[in-house]
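First up is the structure itself, then whatever we jot down about it.
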Amino acid sequence: MLFCRGFSRISRNPRTILLGFILSRPTGPSQSLLSNQYLNSTLKVCAGRETFSWSLPAFLGIGRQIHHQSSSIIEEQLDPFSLVADELSLLAKRLRSMVVAEVPKLASAAEYFFKLGVEGKRFRPTVLLLMATALNVHIPEPTAGGVGDTLTTDLRTRQQSIAEITEMIHVASLLHDDVLDDADKRRGIGSLNAVMGNKLAVLAGDFLLSRACVSLAALKNTEVVSLIATVVEHLVTGETMQMTTSSEQRCSMEYYMQKTYYKTASLISNSCKAIALLAGQTAEVAMLAFEYGKHLGLAFQLIDDVLDFTGTSASLGKGSLSDIQHGIVTAPILFAMEEFPQLHAIVYQGFDNPENVDIALEYLGKSDGIQRTRELAMKHANLAAAAIESLPESNDEQVRKSRRALVDLTQRVIMRNK
Amino acid sequence: MVVAEVPKLASAAEYFFKLGVEGKRFRPTVLLLMATALNVHIPEPTAGGVGDTLTTDLRTRQQSIAEITEMIHVASLLHDDVLDDADKRRGIGSLNAVMGNKLAVLAGDFLLSRACVSLAALKNTEVVSLIATVVEHLVTGETMQMTTSSEQRCSMEYYMQKTYYKTASLISNSCKAIALLAGQTAEVAMLAFEYGKHLGLAFQLIDDVLDFTGTSASLGKGSLSDIQHGIVTAPILFAMEEFPQLHAIVYQGFDNPENVDIALEYLGKSDGIQRTRELAMKHANLAAAAIESLPESNDEQVRKSRRALVDLTQRVIMRNK
């Protein structure tokens, strides 16, 4: 789940990125660091610098061009993660203190995955926080002791809560999955169950889940509760589908996409929708947020599937091959099966026999499986970007910036190679 | 409700709902009785009666609480069995022994998520909060039991707290939820809560006694499963008050079966069993008192249900298995 910063940056102005930090941080009345005036003058300074643009690796062909806004505000190189980095730290702190339980051992078990450095890339919370900004029609300037801010900061806090809840649910599912898979590594460190035993891993997962439920209930929005409850159900269903796949289902692209939606995309799509609902957006906007999350999640997983074969190289066989070795048949193989019906028999037999893995890899190499999977991922990435572009126009610079970042993310998801 | 897209999961989850192995359905019984006891007016069912819709709606919603509660309860049992490596539950092979830990964990998660979905559908945020708290308590209680330090093992206060989390919270909070759905006042909701809490505590205390006495009044005929798992319950805690020497044994733990025998000996000499029964009786009476404090009603159904709830408090005390 690591993103490569593969863009070649023509010139990168650290101060501009810092500006992005400051602008996007939720500031209370006592924290306003910039006045409007300073903001405008700094931006004018930036306008004199070179324009940044995306440089897409040529071999990928189709890429998306960032729409250049007609306003005079410059578009700086966007690092979506930097935009929300400060807010994420705040979130992480809150998450950690929320996880403090009456029983220390449980807290340390649950905290295991939130420790700095092993929390993965915080991809989901990043998407959600960006979505929150992208959908907030108006963010008033922070004023000293401004009462008018309360509602908005309240909204922001609630949206941050969604990001926290989502992350707790995600980690809970990882903890349980590791028990299920007898996994010994997760995010580069010993998985919890290997380190502390299955029992505590199950309990820690339950604990996170229950904390998420309590936080969810505190939002006092039953539609949001419904959405997130559905996500939990989908995670379980997806994992079960994976565990109990019959030989026929293993060969089905439809089954695979359904399972992928449940396991990966549902969490992002439904929490994006929840963000929109909390912001009081219309059903149409909420649906666009949902679509963004769904297509982003699917694109993400499809590239994940490719990378499992290709690893850090474009050629086959350098990847970890963990999917196929676990008997999990993913999109590249499914596409290869369409070209080489002989592959059906191998897949049907399953991959307990390592020879079958080699045979399958051979067919895959001869086929267009990898390429077609990339194309499908690209298709979903574009659908995600399109959803953002269909959002109602906004003149707010924050909003536009976040939307650009969300579109940027759709490209990063496709282009990463690890 | 437990029908899932994946047949194997459905059969796993249904495992505990099969007729004959569903236990005594104690919790749903309490909740449905409570529902009737608190519904100020239940009109007679009339053919195509429109006026009933609201009330049957209410009844359906209260039934939903009973279903949700049972799903959460079973989910916690499934996970507990994984945690305990238990091979028997309710007289049949536990799910994890039969189908593997993996499916048991997943089935528990599945039930939990279904419960959450049903809960959300009630569109009552206070009720959602209550039940969410229950889930948290169940986890906390189980963790308290798993990670007890030697000192905590000797503490009656710790034990009662853990017992509340593990056993009573589910009943108390779902009773309260029933009251809230019925639109009752905060006072009535609190009485419902108190009933559930004291009933639950009484239930667990007698459970503790029976683990030692089994179906006979004398010691040692019970399954002794608590003490053999190193779980120190009320009878032993009371015995420790009379015989401080027992502290050292308890502190050492019960991996050594000799310690079990020594503890039983002290227990036999002490009033531990009797005092636990008395404590259970006290809680049972508090539960009954809560029912009797409910606002008067002339409705025969309501009164009948309330008598039944009081009756339950006695059955909980007097059962011997």
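Everything quoted here is computed from the prediction, not taken from an experiment. Side-chain atoms are counted along with the backbone in the values below, which use heavy atoms only and exclude waters and symmetry mates. Numbers restart at 1 for each chain; the letters A, B, ... are given by sequence-line order, proteins then strands.
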Indicate the atoms forming the closest heavy-atom contact of A/N221 with B/T125, along with that distance.
N-CG2, 4.0 Å
Does A/E223, at its CD atom, have more than 12 non-hydrogen atoms belonging to other residues, nucleotides or ligands within less than 6.0 Å?
no
Minimum heavy-atom separation for A/V236 and B/L106, please, with both atom names.
CG1-O, 3.7 Å
Need one label for B/L112: side chain, backbone, both or neither, based on atoms under 4.5 Å from any heavy atom in chain A.
side chain
Heavy-atom closest contact (B/C116 atom, A/C213 atom, distance)
SG-SG, 3.8 Å
Engaged part of A/I228 at the chain B interface, taking heavy atoms whose separation is under 4.5 Å
neither
At a heavy-atom distance under 4.5 Å, which candidate from A/L227, A/V232, A/L219, A/T230 has the highest pair count against chain B?
A/V232
What residues, two or more places apart in sequence or in another chain, satisfy side-chain contact (heavy atoms from CB on, under 4.5 Å) together with B/Q228?
B/L224
List the residues meeting side-chain hydrogen bond (donor to acceptor under 3.5 Å, both in side chains) with B/S113, not counting sequence neighbours, and say none if there are none.
none
Given A/D206, which of B/L138, B/T143, B/D109 fulfils the side chain to side chain contact (heavy atoms under 4.5 Å, CB included) condition?
B/D109
Contact winner vs chain B - A/G205, A/A172, A/S226, heavy-atom pairs under 4.5 Å
A/S226
